[in-house]
There are 2 protein chains.
Amino acid sequence: MSSSPEFADIRAAADRIRPFAHRTPVMTSAFFDGLLSASVFFKCENFQKVGAFKFRGACNAVFSLPDDAVPHGVATHSSGNHAQALALAADLRGMKAYIVMPHNAPRVKRQAVADYGAVIIPCEPTVADREATTQRVVAETGATLIHPYNDPRIIAGQGTAALELLEEVPRLDLLLAPVGGGGLISGTTLAAAGASPGTRVIGAEPQAADDAYRSLEAGRILPSENPQTIADGLRTSLGNLTFAIIAQHVQEIVTVSDEAIVTAMRHVWERMKIIIEPSAAVPVAALLEDGLHVRGKRVGVILSGGNVDLDHLPFVR
Amino acid sequence: MSSSPEFADIRAAADRIRPFAHRTPVMTSAFFDGLLSASVFFKCENFQKVGAFKFRGACNAVFSLPDDAVPHGVATHSSGNHAQALALAADLRGMKAYIVMPHNAPRVKRQAVADYGAVIIPCEPTVADREATTQRVVAETGATLIHPYNDPRIIAGQGTAALELLEEVPRLDLLLAPVGGGGLISGTTLAAAGASPGTRVIGAEPQAADDAYRSLEAGRILPSENPQTIADGLRTSLGNLTFAIIAQHVQEIVTVSDEAIVTAMRHVWERMKIIIEPSAAVPVAALLEDGLHVRGKRVGVILSGGNVDLDHLPFVR
């Protein structure tokens with residue numbers, strides 16, 4: 001299970017999750033097309049179940065498990081979209097989900113996971129205790145650990161968003177996705193390599209969490225240490241599996257400032273009337289920065305999710 | 001032109017505006033369906049051009065004009081979505097648009113209208129000066145006055161949203177739309193009467209601007225005097241044409257509090273990940289108030305628009 005997924009795994013994942021996941025719409029925007037003199041196709045994973053692409057990977061992982069694993073449940077550590085995604089996917093297969101989460105995680109995030117029937121196991125807000133707690137839960141329950149991104153089943157599942165986009169909108173010149181732990185961009189680049197080899201795949205990353213950019217430059221994983229960026233879904237660093245895929249297949253990683261992320265997010269809200277989270281605005285910001293030479297091109301963007309806290313918005317004066 | 005429009009006029013409007021207006025998507029929501037034990041179909045006019053259904057009516061009015069009216073332009077008084085809608089529609093037909101707008105209208109609204117190439121004529125923020133200024137503009141330019149709602153061409157255009165919804169989702173039990181000046185609900189109820197006579201049409205109104213509710217009770221137009229509601233698109237009062245249509249065809253007007261409007265708007269933003277304006281949340285609030293007995297029913301809702309000021313949101317703590 002620790003080997004790199006292939007294009008066939010993404011196709012299989014698409015079949016596997018079809019009964020459970022939304023085939024999300026592709027939106028266009030006269031505003032962005034005019035601004036960029038390009039044709040931009042937005043794959044709206046903010047409309048996916050649990051409000052983010054993460055459901056695809058979690059669903060694929062859970063429904064890939066052999067029947068004899070079902071009684072023992074699944075486990076992960078996450079306080080973000082993966083936690084909710086795994087909780088829902090497990091519930092759909094009638095499994096228990098054990099979610100290790102820092103005890104200081106926002107109440108609204110704990111509640112969302114609990115609403116899907118998952119068991120929440122609190123830990124200290126440190127990497128060491130998080131991993132120790134997760135290992136203890138797995139040892140005690142026999143649950144299958146489903147890592148948020150460094151897992152071939154997760155990567156294959158995340159790749160189904162790009163696969164759907166490329167089926168619906170062929171011959172994209174460029175395809176952009178955000179980079180956090182690298183699950184989405186890995187799946188995206190594998191999907192493009194299989195379904196549309198002429199499409200150039202570009203990862204977009206916050207400047208303040210540019211571990212993928214630096215890791216590719218260095219040729220080895222250089223994690224971000226406690227990065228501070230508004231794109232809270234992208235603070236994680238690459239794993240060995242995602243690093244290897246990105247190093248082999250992704251043509252370019254671009255970085256953008258938090259200010260550019262907020263501006264891009266505001267444009268999408270105001271002009272497209274859809275809610276995207278800061279992480280989803282990162283590739284949009286990369287487009288607006290104008291270093292990608294998209295004029296006259298056909299560009300795909302994975303809008304990764306739409307989970308925001310309306311009580312704490314970045315553009316409220 | 002002052003006679004009441006008929007179903008055939010809505011069909012004609014649909015053909016007339018088809019090259020210019022978006023056929024907006026219909027969205028569903030597992031959250032709302034579960035909460036209400038109903039099947040709810042949201043017609044997303046927040047995705048319409050200029051961000052609101054108003055473009056339908058303006059477009060139909062402008063493209064209904066005889067060729068010899070084109071050189072003289074169109075005129076209206078509005079600082080809201082109708083102003084932008086008329087400006088864009090006129091621009092598409094190569095006409096001038098004269099928009100009378102209070103001199104204290106927000107800069108962002110003036111700018112949006114100017115961006116479509118319209119001529120803005122400032123007036124004092126009083127009804128008397130607004131009407132006097134509009135009459136003067138019409139007299140001086142020969143422009144055709146396009147009232148925001150009390151006009152059969154406008155009403156027929158607004159009805160095309162419901163017509164599209166009923167074509168895509170037949171056999172709705174209920175269909176809800178907000179009520180301001182009454183153009184949208186009039187067009188909606190005429191569309192339903194023609195396309196789906198079994199569908200019960202319900203207008204939803206802010207309690208603080210309940211002129212339609214009171215007018216129907218009284219049997220004559222009782223305007224709201226300077227109403228204070230967050231639903232800024234619904235502060236206008238019925239005209240004689242819209243009053244007559246509503247009195248004849250609309251089965252019920254329900255009113256909701258501003259608090260209920262904000263709650264409903266927040267639910268739509270958080271659960272459906274789409275941006276709607278307070279006016280669009282009014283029928284959603286009516287659904288959530290639970291007086292409509294929608295359990296087991298098929299319900300349509302016209303989400304009228306998505307133009308909000310992100311710097312001044314009602315649910316920011």
Side-chain angles (χ1 to χ4, degrees), chain A residues 20-31 34-35 42 44-53 55 81 84 88 91-92 108-109 111-112 115-116 262-277 280-281 303-317, chain B residues 20-31 34-35 42 44-53 55 81 84 88 91-92 108-109 111-112 115-116 262-277 280-281 303-317:
Chain A
F20 311 105
H22 292 310
R23 185 179 178 104
T24 53
V26 177
M27 292 185 80
T28 57
S29 159
F31 169 75
L35 195 66
F42 296 93
C44 292
E45 289 298 297
N46 51 333
F47 296 147
Q48 188 50 267
K49 288 198 181 159
V50 312
F53 74 93
F55 180 68
N81 291 333
Q84 291 183 55
L88 173 57
D91 188 52
L92 288 168
V108 61
K109 296 201 169 187
Q111 189 60 49
D115 284 349
Y116 291 117
V262 173
T263 299
M265 178 167 148
R266 184 171 185 136
H267 277 315
V268 170
W269 286 42
E270 287 188 333
R271 297 300 186 138
M272 297 180 66
K273 311 297 183 191
I274 60 174
I275 290 179
I276 62 168
E277 58 192 56
L303 293 179
S304 49
N307 292 327
V308 292
D309 180 351
L310 293 182
D311 291 324
H312 299 94
L313 293 177
F315 31 67
V316 172
R317 277 181 194 148
Chain B
F20 310 106
H22 291 310
R23 186 180 177 102
T24 53
V26 177
M27 291 185 80
T28 58
S29 159
F31 169 75
L35 195 66
F42 297 92
C44 292
E45 290 298 297
N46 52 333
F47 296 146
Q48 188 51 267
K49 287 197 181 160
V50 313
F53 73 93
F55 180 68
N81 291 334
Q84 290 183 54
L88 174 58
D91 188 52
L92 288 168
V108 61
K109 295 202 172 187
Q111 189 60 49
D115 284 348
Y116 290 117
V262 173
T263 299
M265 178 167 150
R266 185 171 185 135
H267 277 316
V268 169
W269 286 42
E270 287 188 333
R271 298 299 186 138
M272 296 180 67
K273 312 297 182 190
I274 60 174
I275 290 179
I276 61 168
E277 59 191 57
L303 292 179
S304 49
N307 291 327
V308 292
D309 180 352
L310 293 181
D311 291 323
H312 299 93
L313 294 176
F315 31 67
V316 172
R317 277 180 192 146

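We name chains A, B, ... by the order of the sequence lines, and we start the count at 1 in each one. This one's a predicted model, so the numbers in the text were calculated from it and none came from an experiment.
In the displayed structure, B/R271 atom CZ is contacted under 6.0 Å by at most 12 heavy atoms of other residues, nucleotides or ligands.
Using a 4.5 Å heavy-atom cutoff, the side chains of B/E270 and A/N307 are not in contact. Looking at B/F47 and A/I274, their side chains come closer than 4.5 Å, going by heavy atoms from C-beta outward.
The heavy-atom pair separating B/D311 from A/F315 by the smallest distance is OD1-O, 2.9 Å. Between A/N46 and B/K273, the shortest heavy-atom distance links the atoms O-CG, 3.2 Å.
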Report the C-alpha distance between B/L313 and A/L310 in whole Å, list the side-chain angles of each, state the deciding distance to 0.1 Å, and finish with yes or no for side-chain contact (heavy atoms from CB on, under 4.5 Å).
-> CA-CA 9 Å; B/L313 294 176; A/L310 293 182; 6.0 Å; no
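If you measure heavy-atom distances from A/M27 to chain B, the contacts under 4.5 Å come from the side chain alone.
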